[in-house]
Number of protein chains: 4
Amino acid sequence: MLGTLCGVDHHGNRYGRSEAARAAVLEAADDLLVEHGFAGLTIEKIAARAGVAKQTIYRWWPSKVDILLEAFGDDMAEDLTPADHGYLATDLREHLARLADFLTTSDAGAVYRALVGQAQHDPQLATRLRDGHLAAQHARDRLPFERAIARRELVENLDVDLAVERLVGVVHYRVLVTGEPVTREFTDALVDALVLELT
Amino acid sequence: MLGTLCGVDHHGNRYGRSEAARAAVLEAADDLLVEHGFAGLTIEKIAARAGVAKQTIYRWWPSKVDILLEAFGDDMAEDLTPADHGYLATDLREHLARLADFLTTSDAGAVYRALVGQAQHDPQLATRLRDGHLAAQHARDRLPFERAIARRELVENLDVDLAVERLVGVVHYRVLVTGEPVTREFTDALVDALVLELT
Amino acid sequence: MLGTLCGVDHHGNRYGRSEAARAAVLEAADDLLVEHGFAGLTIEKIAARAGVAKQTIYRWWPSKVDILLEAFGDDMAEDLTPADHGYLATDLREHLARLADFLTTSDAGAVYRALVGQAQHDPQLATRLRDGHLAAQHARDRLPFERAIARRELVENLDVDLAVERLVGVVHYRVLVTGEPVTREFTDALVDALVLELT
Amino acid sequence: MLGTLCGVDHHGNRYGRSEAARAAVLEAADDLLVEHGFAGLTIEKIAARAGVAKQTIYRWWPSKVDILLEAFGDDMAEDLTPADHGYLATDLREHLARLADFLTTSDAGAVYRALVGQAQHDPQLATRLRDGHLAAQHARDRLPFERAIARRELVENLDVDLAVERLVGVVHYRVLVTGEPVTREFTDALVDALVLELT
DNA sequence: TTCTAATCGAGACGGTACGTCTCGTCTTGGG
DNA sequence: CCCAAGACGAGACGTACCGTCTCGATTAGAA
């Protein structure tokens with residue numbers, strides 16, 4: 001949030017930027033990405049759609065991926081924080097199903113896939129994505145395991161990072177590489193196999 | 001190979017294309033991708049670097065990803081066909097280590113990552129990539145498991161596809177998403193956990 | 001003239017530029033200058049009006065004044081070459097009336113006035129205008145006097161340059177500075193006074 | 001003059017405008033015109049150079065030519081009021097020499113040339129220039145002739161306007177169009193020829 | 001041997017988007 | 001009420017590539 005000075009609808013002043021313009025740009029970027037894909041997402045079209053001058057975009061965002069990063073915001077944290085059901089298997093089943101849903105059906109997931117795709121060509125974006133979002137998400141992904149360890153459901157010296165990657169990685173692979181559907185049956189089977197192995 | 005008619009250095013004839021031009025384009029594309037990244041890979045620059053007219057490129061390749069796909073060629077099949085050591089664990093350990101090496105260090109791996117990245121923005125490319133290369137690779141990835149089933153090392157009704165994805169997917173996740181190094185220790189641990197679980 | 005290769009209607013080739021594009025640009029520039037003035041004459045609008053890409057303009061003309069200079073072309077030579085009536089007074093009367101008409105009513109005159117105006121801010125344009133057109137026009141302006149000297153109507157040691165400026169300069173002053181109409185009465189009076197003085 | 005309230009150095013008060021800001025703007029405009037020419041004279045740069053907000057300029061001057069007009073002020077009246085020597089030839093020689101000097105060497109002359117140049121693209125400016133300065137100057141230019149008529153040096157029914165233009169116009173032509181130097185010899189010759197013809 | 005048709009290089013063409021610049025307007029907090 | 005500061009919508013600037021086109025030269029099998 002940019003502070004109380006920015007909430008008013010105005011055309012700019014020396015003490016703060018236009019919140020209306022900022023919101024319009026983010027929404028336009030989101031819409032255009034979903035409608036026309038990453039290639040169809042140009043600064044020119046964002047500006048036109050948002051009813052905003054190009055210069056206003058360049059003033060606040062260095063590139064279109066910065067717009068997407070800001071539009072992406074905290075969607076991941078909001079949608080992908082695992083709930084605590086008291087059982088590891090249940091926690092993981094729910095969480096992985098949510099992850100699959102997020103990646104394949106949500107608008108935020110579309111932005112995420114575009115960003116990860118672009119990160120293959122842009123090492124700087126890759127770094128920012130990892131530091132800004134993936135690290136935090138990884139910490140959230142660890143929670144079910146850590147809770148299970150705390151309640152003695154799992155052994156203490158478990159390699160939690162590896163366990164997380166063995167779930168999350170497989171789902172990502174389907175989404176990003178093979179493109180096969182990620183059904184509830186698939187994620188449940190993935191979780192069950194792992195939980196069976198670990199306990 | 002395009003046959004004996006194409007090998008000569010010439011500026012055109014009515015029965016075949018210039019093999020020299022074809023090779024120059026593929027090499028220029030490869031070089032530019034490695035040097036300047038996917039964004040710096042333009043038809044204009046490929047033509048200039050290859051000493052070839054733009055029209056010659058457009059005549060034979062619909063887009064720059066087609067050039068990359070052709071440059072990518074059968075590198076994957078050559079580098080990533082699993083050897084048969086007689087033991088599932090050994091086969092998988094070797095294969096996964098090769099995969100990690102291919103993805104992170106080889107030129108072909110760089111092209112592969114660029115193509116997968118671009119496929120996030122280009123569903124048509126995604127389809128071609130899957131049909132043309134990923135399906136074949138998946139079949140090769142299955143070989144160690146199928147051989148283990150044949151020699152009764154594994155049960156017959158094993159979900160081989162799932163097992164493959166639980167190995168390959170995790171490595172891809174590290175390479176494409178988190179960017180963490182994929183060490184031999186990591187791939188061995190991945191294989192050992194799976195093999196222990198399945199046998 | 002650009003040679004026989006340029007007359008064909010095409011979209012460009014390595015041996016010549018598109019005459020159609022060139023003509024469209026010059027005509028569009030002329031039209032826009034007359035309609036919207038020099039300030040409303042932008043490369044963007046010329047391109048749009050001419051149905052031509054901006055790059056095509058930048059390829060051939062360094063700036064919009066170069067377009068005007070080319071559009072101006074040889075209009076001055078065509079319209080302002082004094083005829084020979086055998087009498088100094090008649091020659092000058094006709095010539096000065098033509099000059100007034102050219103400057104105040106013709107499209108080429110509008111371009112000329114814009115160029116002279118712009119030359120006040122652009123010394124390089126001033127030089128090109130003088131070397132390219134004004135010098136030649138001055139030579140033409142001298143013709144009636146030189147013919148009169150040849151036929152002994154005027155003395156041999158007459159300062160022809162000064163005489164020319166005393167006619168042409170006054171007309172320019174009205175057109176460029178005071179904006180008063182330049183009537184036939186005015187130009188005739190100007191000529192008569194001078195001729196009376198010289199003979 | 002704007003009164004005693006305006007002389008103080010302040011950042012705003014409710015009774016009048018800042019004289020300091022006004023003077024800074026005029027001086028900055030003058031400097032920028034001389035240093036970078038008319039094209040380099042932008043409201044943005046004037047504001048930056050004068051240490052003044054753009055809005056302050058737009059509040060008081062509709063456009064940059066208005067600033068120049070105000071900066072131009074009464075320089076013409078001060079420099080170009082013909083003195084009375086008692087002889088037509090002397091009056092005119094002095095006056096025309098002063099005019100040439102004013103147009104070619106003074107700062108005010110540079111502003112004048114820029115304004116006349118811009119007036120070729122801007123009919124409104126042309127009108128204001130004529131009504132505001134040129135008419136008054138023309139009246140001053142007539143003075144030597146009117147004094148000569150009064151003292152019977154010239155006939156009463158002389159076309160004074162034409163006579164003025166035949167001197168002033170030729171000098172303007174050299175300055176604005178041909179760019180040739182306007183020497184004392186030239187102006188003297190011009191005057192002498194006219195005076196000889198009229199008397 | 002000459003003819004013919006496809007390919008080659010070169011590069012001009014109409015476009016689209018880029019990122020920068022300046023315009024003239026607006027909104028603000030302080031004097 | 002004026003001032004500075006500066007964000008805003010607007011739109012032109014000159015550049016880079018896009019994908020299409022036209023051209024003359026090159027080439028080798030067919031006539």
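First the proteins, then the strands, lettered A, B, ... as listed; each starts at 1.
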query = For DNA chain E, whose closest nucleotide is more 5', that of B:Gly51 or that of A:Pro62?
reply =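 Residue closer to the 5' terminus by nearest nucleotide: B:Gly51.
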
message = Heavy-atom nearest nucleotide on DNA chain E for B:Val52 versus C:Ala50: which residue maps closer to 5'?
response =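 Mapping each residue to its closest nucleotide by heavy atoms, the 5'-most match is B:Val52.
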
Atom-to-atom span, [atom1] of [X] to [atom2] of [N] - whole angstrom:
X	N	atom1	atom2	answer
D:Arg22	F:dC3	CZ	C1'	17 Å
A:Ile46	E:dT16	CD1	P	18 Å
C:Leu41	F:dA12	CG	C1'	12 Å
A:Glu19	F:dC8	CD	P	11 Å
B:Leu32	F:dC17	CG	P	11 Å
D:Trp60	F:dC1	CH2	C1'	9 Å
A:Arg59	F:dG6	CZ	C1'	8 Å

Looking only at heavy atoms, what is the nearest atom pair of [X] and [Y], with distance?
X	Y	result
B:Val65	B:Leu115	O-CD2, 4.2 Å
D:Leu129	D:Leu69	CD1-CD2, 3.7 Å
D:Phe38	D:Ala114	CD1-CB, 4.1 Å

message = Please enumerate all residues that pass salt bridge (charged side-chain N to carboxylate O under 4.0 Å, His left out) together with A:Asp66, with sequence neighbours excluded.
response =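 Checked A:Asp66 against salt bridge (charged side-chain N to carboxylate O under 4.0 Å, His left out); matches are A:Arg128.
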
ask   = What is the nucleic acid contact for B:Trp61, judged by heavy atoms within less than 4.0 Å: base, sugar-phosphate only, or nothing?
value =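 Since no nucleic acid heavy atom lies under 4.0 Å of B:Trp61, the category is nothing.
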
task = Tell me whether the OP1 or OP2 atom of E:dA12 has a side-chain N or O from C:Ser18 closer than 4.0 Å.
result =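 False: C:Ser18 side-chain N/O out of range (4.0 Å or more) of E:dA12 OP1/OP2.
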
request  = Using only side-chain N and O atoms of C:Thr56, determine if any of them is under 4.0 Å from OP1 or OP2 of E:dA12.
outcome  =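 No, no such contact exists.
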
query = Quick one: bend of the helix from E:dT1-F:dA31 to E:dG31-F:dC1 from 5 pairs per end, to 10°?
reply =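 The end axes of the helix from E:dT1-F:dA31 to E:dG31-F:dC1 are about 10° apart, to the nearest 10°.
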
Using a cut-off of under 3.5 Å, enumerate the N/O to N/O pairs linking the protein to nucleotides 20-22 of chain E.
from   : atom 1 : to      : atom 2 : distance (Å)
E:dC21 : N4     : A:Gln55 : OE1    : 2.9

query = Is A:Arg17 close enough and on-axis enough to A:Trp60, meaning under 6.0 Å and within 45°, for cation-pi?
reply =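 Yes, a cation-pi geometry holds between A:Arg17 and A:Trp60.
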
key: Residue pair C:Val116, D:Gln120: steps toward the side-chain contact (heavy atoms from CB on, under 4.5 Å) verdict   = CA-CA 8 Å; C:Val116 170; D:Gln120 306 307 315; 5.7 Å; no

key: Aromatic plane relationship, C:His121 with D:His121 - under 30° parallel, 30 to 60° tilted, over 60° perpendicular   =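 Perpendicular, since the angle between the ring planes exceeds 60°.
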
query = How long is the gap from CZ on C:Arg49 to CG on C:Asp30, to the nearest 0.5 Å?
reply =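 With rounding to 0.5 Å, CZ (C:Arg49) is 10.5 Å from CG (C:Asp30).
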
ask   = More than 12 foreign heavy atoms under 6.0 Å from CD of C:Glu35: is that the case here?
value =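 More than 12 heavy atoms, drawn from other residues, nucleotides or ligands, come within 6.0 Å of this atom.
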
request  = Could you check which of E:dT7, F:dC3, E:dC13 has an atom nearest any side-chain atom of C:Ala21?
outcome  =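 Output: E:dC13.
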
